[in-house]
Number of protein chains: 2
Amino acid sequence: MGKAKQPLDSALVCGHEDPIAVRELLTRVGDKWSIFLILSLAKLGGRARFSQLDRAIPGISQRMLTLTLTHLERDGLIAREVFAEIPPRVEYELTALSRSLVEAMQGLVDWVAQNWKQVSAARAEYDAR
Amino acid sequence: MGKAKQPLDSALVCGHEDPIAVRELLTRVGDKWSIFLILSLAKLGGRARFSQLDRAIPGISQRMLTLTLTHLERDGLIAREVFAEIPPRVEYELTALSRSLVEAMQGLVDWVAQNWKQVSAARAEYDAR
DNA sequence: CTGTATCCTTTCGGATACTG
DNA sequence: CAGTATCCGAAAGGATACAG
């Protein structure tokens, strides 16, 4: 094979392969609503319905919830299942692909949770000058 | 104090402490230009000048480079040093705070680098229906 | 070289009202 | 319950010209 597994060079993202596709996907997986959605779903056991997600993600509008779900489904990150009941029930589930993404997203969120106060302080100091 | 170190619960982000500040910071550190900037800087040894960064980040406009640098400096994630020379020289450096962020950002970028083709395929299939 | 300033188009995203 | 449709203001961001 000649080439072992990718060294995970960030140059792969910053200039090779398909910079535009990669950049666009990064805006998707770096988006706050996508992150909260995926992580909330993970926290809810990997599967939940619309209203559960709505309640689990503070501040999200119905519109953004719907839109984000649609995008993530299109990207293969969420599977959607509709039950023919009244009242309607729809369940969303993480896919194998998104399960592999959870850890990376969690890493970013953890950093924010640990460091946002420091950043706030830095901003206050900057603004004071 | 009385309070030991935070358990890193993602609920901390999704609903407690200061949801708005946390959400806003997440959009900052999840932003593609912030990510490329921090990671490029890391790849360049943690310190680089304006033009180097411009070249290292394909597709970024001068405006976005300047803006992102300003934001990151304000957030305490980048230190800026100006040299009184002609022609002007300005160097940017990662801070202790941003160095702790590199790994988390890299995790997200690595995921994208590894999985973007799968996502592309999922999109194609979705659009075909 | 390292920016700033301005213009202008595109996209984001909340509010609200309506539907099967 | 789980959406869709529409409106509209706000923000993102490229292009371009200019400046210290």
Side-chain angles (χ1 to χ4, degrees), chain A residues 14 19-37 40-41 44 47-75 78-93 126 129, chain B residues 19-37 40-41 44 47-75 78-93 123 126 129:
Chain A
C14 283
I20 296 179
V22 167
R23 200 162 63 214
E24 199 242 341
L25 181 52
L26 188 58
T27 72
R28 175 70 39 86
V29 301
D31 171 68
K32 64 175 176 305
W33 297 134
S34 298
I35 293 178
F36 286 151
L37 191 28
S40 295
L41 208 39
L44 292 170
R47 191 175 178 90
R49 45 196 298 190
F50 189 88
S51 50
Q52 277 184 289
L53 292 170
D54 200 11
R55 269 176 274 112
I57 307 170
I60 196 169
S61 65
Q62 194 178 49
R63 183 177 180 276
M64 288 317 294
L65 180 53
T66 302
L67 264 180
T68 307
L69 282 169
T70 305
H71 291 151
L72 294 176
E73 188 195 358
R74 177 167 179 260
D75 290 351
I78 284 210
R80 182 174 182 267
E81 187 175 4
V82 183
F83 297 86
E85 301 174 358
I86 293 179
R89 180 163 57 108
V90 179
E91 290 188 0
Y92 295 92
E93 192 174 17
Y126 182 96
R129 286 183 279 123
Chain B
I20 295 179
V22 167
R23 202 161 61 214
E24 200 241 342
L25 181 53
L26 188 57
T27 72
R28 174 72 39 85
V29 301
D31 171 67
K32 63 177 176 305
W33 296 134
S34 299
I35 294 177
F36 287 151
L37 192 29
S40 295
L41 208 39
L44 292 170
R47 189 176 179 89
R49 46 195 299 190
F50 189 87
S51 50
Q52 277 183 289
L53 293 169
D54 200 13
R55 270 176 272 112
I57 308 170
I60 196 169
S61 65
Q62 195 179 51
R63 183 178 179 274
M64 288 317 294
L65 180 54
T66 301
L67 265 180
T68 307
L69 282 168
T70 304
H71 292 151
L72 294 176
E73 187 195 359
R74 177 168 179 258
D75 290 350
I78 285 210
R80 181 174 183 267
E81 186 175 4
V82 183
F83 297 86
E85 303 174 357
I86 293 177
R89 180 162 57 108
V90 179
E91 290 188 0
Y92 295 92
E93 191 174 18
R123 284 184 191 179
Y126 182 95
R129 285 181 281 123

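The structure displayed is predicted, hence computed values, not measured ones. Order of the sequence lines sets the chain letters (A, B, ...), proteins ahead of strands, with each chain counted from 1. Values reported hereafter were calculated over all heavy atoms of this structure, with side chains retained and with hydrogens, waters and symmetry mates removed.
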Can you give me the N/O atom pairs linking the protein to nucleotides 14-16 of chain D at distances under 3.5 Å, or say none if there are none?
from	atom 1	to	atom 2	distance (Å)
D/dG14	OP2	B/S61	OG	2.8
D/dG14	O6	B/R63	NE	3.2

Tabulate atom names and distances for all N/O pairs under 3.5 angstrom spanning the protein and nucleotides 9-11 of chain D.
none

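Looking at residues 67-74 of chain A, you'll see that no heavy atom sits under 4.0 Å from any atom of DNA chain C.
Within the 4.0 Å cut-off from OP1 or OP2 of C/dC1, not a single side-chain nitrogen or oxygen of B/R49 is found. Between B/R80 and C/dG3 there is a side-chain N or O to OP1 or OP2 distance below 4.0 Å.
Here B/D54 pairs with nothing under the side chain to side chain donor-acceptor pair (under 3.5 Å) rule; sequence neighbours left out. In this structure, B/T68 has no side chain to side chain donor-acceptor pair (under 3.5 Å) partners at least two apart in sequence or on a different chain. Partners of A/R89 by side-chain contact (heavy atoms from CB on, under 4.5 Å), not counting sequence neighbours, listed by chain and number: A/R49, A/F83, A/E85, A/E91. Partners of B/R80 according to the side-chain contact (heavy atoms from CB on, under 4.5 Å) rule, which considers only residues two or more places apart in sequence or in another chain, are B/E73, B/V82, B/V90, B/Y92. The side-chain contact (heavy atoms from CB on, under 4.5 Å) check on B/I20 picks up B/D18, B/R23, with sequence neighbours excluded. With sequence neighbours excluded, the residues satisfying salt bridge (Lys or Arg N to Asp or Glu O under 4.0 Å) with B/R123 are A/E24, A/D75. Not counting sequence neighbours, B/Q52 has no partner by the side chain to side chain donor-acceptor pair (under 3.5 Å) test. Under the rule for a side chain to side chain donor-acceptor pair (under 3.5 Å), the partners of B/E93 that lie at least two apart in sequence or sit in another chain are B/R47.
The CD1 atom of B/I78 sits 15 Å away from the C1' atom of C/dT2 (whole-angstrom rounding). As rounded to whole Å, 8 Å separates atom P of D/dT4 from atom CZ of A/F50. In this structure, A/D54 places its CG atom 10 Å from C1' of D/dA2, rounding to the nearest Å. Atom CG of A/L37 and atom P of C/dG13 are 13 Å apart (whole Å). Rounded to an integer number of Å, the gap from A/L53 CG to D/dA2 C1' is 12 Å. Protein atom CG of A/L65 is 11 Å distant from nucleotide atom P of D/dT4, rounded to whole Å. Rounded to an integer number of Å, the gap from A/R28 CZ to C/dC12 C1' is 13 Å. Atom C1' of nucleotide C/dC1 and atom CD1 of B/I86 are separated by 11 Å, given to the nearest angstrom.
Closest heavy-atom contact between A/L44 and A/A56: CD1-CB, 4.3 Å.
With contacts defined as side-chain heavy-atom distances shorter than 4.5 Å, the pair A/W33/A/L72 does not qualify. Considering only heavy atoms from C-beta on, A/K32 stays 4.5 Å or farther from A/I35 through its side chain.
Checked by atom type and distance alone, the side chain of A/S40 never pairs as donor or acceptor with a backbone atom of A/L53 at under 3.5 Å.
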Inset, instruction - Begin with the C-alpha distance, continue with both residues' side-chain angles, and end with the deciding distance and a verdict on side chain to side chain contact (heavy atoms under 4.5 Å, CB included) for A/T27 and A/D31. - result: CA-CA 6 Å; A/T27 72; A/D31 171 68; over 6 Å; no

Legend entry - Verdict with supporting geometry, B/H71 and B/I78, side chain to side chain contact (heavy atoms under 4.5 Å, CB included): CA-CA 9 Å; B/H71 292 151; B/I78 285 210; over 6 Å; no

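Closest to the side chain of A/P87, from the set C/dC1, D/dG3, D/dC1, is D/dC1. Of the candidates C/dT4, D/dA2, D/dT4, the closest approach to any side-chain atom of B/T66 belongs to C/dT4.
Axis angle between the ends of the helix from C/dC1-D/dG20 to C/dG20-D/dC1, five pairs each and rounded to 10 degrees, works out to 50°.
A/Y92 comes within 4.0 angstrom of the backbone, heavy atoms only, and of no base.
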